[in-house]
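The structure under discussion appears below in the form of structure tokens.
Read the numbers this way: they start at 1 and go in the same order the structure lists the ligands and their atoms.
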Amino acid sequence: MDTVVRFAPSPTGQVHIGNIRTAIFNWLFARHCGGSFLLRIEDTDLERSTRQAIDTLLECMEWLGLNFDGEIMYQTSQREAHIKAVEQMTAKGLAYAAPAPEGGRSPIFFRVPWDRPDFTAIRETGPAELELHPETPVKIDFTGVSFSTVSKKGAPMPAAACLAGFRQMKLYDGAGNVLFELEKNIDGIIHDKQSFSLGNCVKMTFLRREIFYKDIIKGELSKPLDGIKDLIMVRGDGSPVFHLANVVDDITQKVTHIIRGDDHVENTYRHIMLFYALGSKAPEYAHLPMIVNSSGKPYSKRDGDAFVGDFREKGFLAEALFNYLALLGWSPGDDREKMAKQEMIDAFTLERVKSAPAQLDSNKLLNMNGAYIAEMPFEKFVAYAGKYAGDFVNDKVRFEQVARLMQSRVKQFGQVASWQYFFSDDFPVDEKVFKKQLASAEVRAALNFLAGELNSHSELTKEWLHIIISKTEESFGIMHGKLFQPLRLTVSGVAGGAELDETIMLIGGSRSAMRISRSLEVYQKEMSHGE
Ligand code: GLU
């Protein structure tokens with residue numbers, strides 16, 4: 001059977017990186033296996049799904065090179081199939097109309113199968129016993145069982161679940177008499193809609209059963225049926241719910257592997273039942289670990305950029321973001337990090353996806369982006385950088401000189417805006433750092449001296465600059481290397497950048513001298529104001 005995966009986003013806004021990572025893993029898996037990567041837009045939430053969100057999603061996918069196979073399936077176009085599926089389940093006795101609310105129409109529920117030996121995803125786990133609160137009657141009808149257990153402090157704790165959760169159920173009074181046996185009444189309950197309300201029950205015994213599946217990433221997962229309720233499939237207004245639409249579409253699209261976020265683990269128990277009820281084999285499941293922040297909480301907008309569009313705007317390269325997100329929860333099994341797409345495709349297996357949450361490290365992402373930028377062909381780098389530059393991009397010759405000097409240092413193209421100091425004397429200065437760097441009188445005197453030297457020396461060379469800076473440090477009693485930062489700050493306004501000698505040479509001697517003198521004046525003025 002050919003491998004078929006799908007990316008099934010709900011287009012309700014911006015595209016979160018967690019969501020696009022799901023697309024990336026599906027894409028890598030499909031391309032690795034030579035299978036199909038389908039796109040299904042789950043647009044059934046009509047209030048929240050917008051055309052704009054769909055367009056944003058498609059743009060993000062195209063930008064990242066996530067090409068999909070075949071046509072897009074829009075979930076809203078599948079409504080007939082969804083309703084047909086419900087009819088099919090009703091005919092098999094696996095769905096029922098629940099009592100209608102006043103003035104409304106009946107919602108339709110899926111019945112967790114009570115007795116289906118061929119449904120092998122359900123297994124017995126052994127006898128169970130619950131202490132019940134005698135003041136809450138145990139209610140049993142064709143929609144399920146409700147009761148209260150007893151909290152540590154003796155208070156009632158309400159609970160409700162499907163009938164199938166309570167095989168061989170017996171209810172007891174305080175004297176140990178059996179008040180009710182579910183098995184003896186089940187036919188009347190399911191077929192004739194009999195209902196019971198039993199007071200004074202202090203204990204319930206039953207045979208616990210659970211639904212289980214083997215997740216490729218998380219291993220075996222299971223959930224007791226006495227913790228699951230029958231599932232609403234069609235609302236009173238006739239609209240199918242997410243679970244039904246999702247499963248029916250996966251059947252229609254012949255999906256073989258469902259790779260999605262682990263926020264869907266709980267849904268999957270129900271989905272497996274729906275696959276069974278619709279006569280289909282459930283696909284393989286692989287639930288991806290959550291992306292978390294540095295304190296282990298789900299990564300959100302509050303932690304920094306969280307949408308693909310944000311990264312794109314700030315000047316991250318699609319290849320770098322793709323590469324970084326692919327490694328968020330997956331590793332090729334060796335220490336490779338920067339990988340070409342084909343390398344990732346070749347190495348990708350779901351077995352190598354980690355089950356532990358994946359922490360987003362924005363520095364690592366920046367460094368990855370920097371590595372991709374550093375190896376861009378120079379012409380391409382200049383063109384790309386130009387889009388992020390101010391008006392100074394028009395100074396073409398100089399822009400290329402600066403670009404050559406800075407390419408290996410740019411980590412995101414947004415940083416290009418800070419190249420302004422190469423082109424204009426009007427650039428921002430960090431006040432706090434400025435005051436700190438100029439606090440020493442020796443440093444100020446040394447800078448003043450240097451300004452004079454720079455002004456009177458017409459042909460700057462690296463050698464001359466090194467010698468003059470060293471000599472100045474020496475004659476003003478400044479430790480070797482300690483003049484660099486104050487000098488850099490007065491000349492450029494920033495604390496980092498390219499090598500200082502090359503920076504000064506590009507800016508020019510007299511211009512650098514002027515900036516130093518200007519800084520010293522500003523500093524003096526501010527200090528005298530402060531006094
Ligand atoms: N629309 C669902 C979501 O975005 C899809 C879940 C799935 O992949 O099955 O969470």
Measure centre to centre between the rings of Phe348 and Phe25, then say whether the value is under 6.0 Å.
yes
Given the side-chain rings of Phe68 and Phe7, with only the six-membered ring counted for Trp, is the space between their centroids under 6.0 Å?
no
Within the protein, residues bringing a heavy atom under 4.0 Å of ligand 1, chain by chain
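Around ligand 1, where the cutoff is 4.0 Å for heavy atoms, the contacting residues are Arg6, Ala8, Pro9, Ser10, Glu42, Phe242, Asn246, Arg260, His264.
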Go through the structure and list residues passing ring pair (Phe, Tyr, Trp, His ring centres under 6.0 Å) with Phe180, not counting sequence neighbours.
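Here the qualifying residues are Phe196.
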Of all residues at least two apart in sequence or in a different chain, which pass the ring pair (Phe, Tyr, Trp, His ring centres under 6.0 Å) check with Phe311?
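If we apply the ring pair (Phe, Tyr, Trp, His ring centres under 6.0 Å) test to Phe311, skipping adjacent residues, the hits are Phe316.
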Apply salt bridge (charged side-chain N to carboxylate O under 4.0 Å, His left out) to Glu337 and list each qualifying residue two or more places apart in sequence or on a separate chain.
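Result, salt bridge (charged side-chain N to carboxylate O under 4.0 Å, His left out) vs Glu337: Lys364.
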Quiz question: by atom type and distance under 3.5 Å, do the side chains of Thr268 and Arg260 form a donor-acceptor pair?
yes
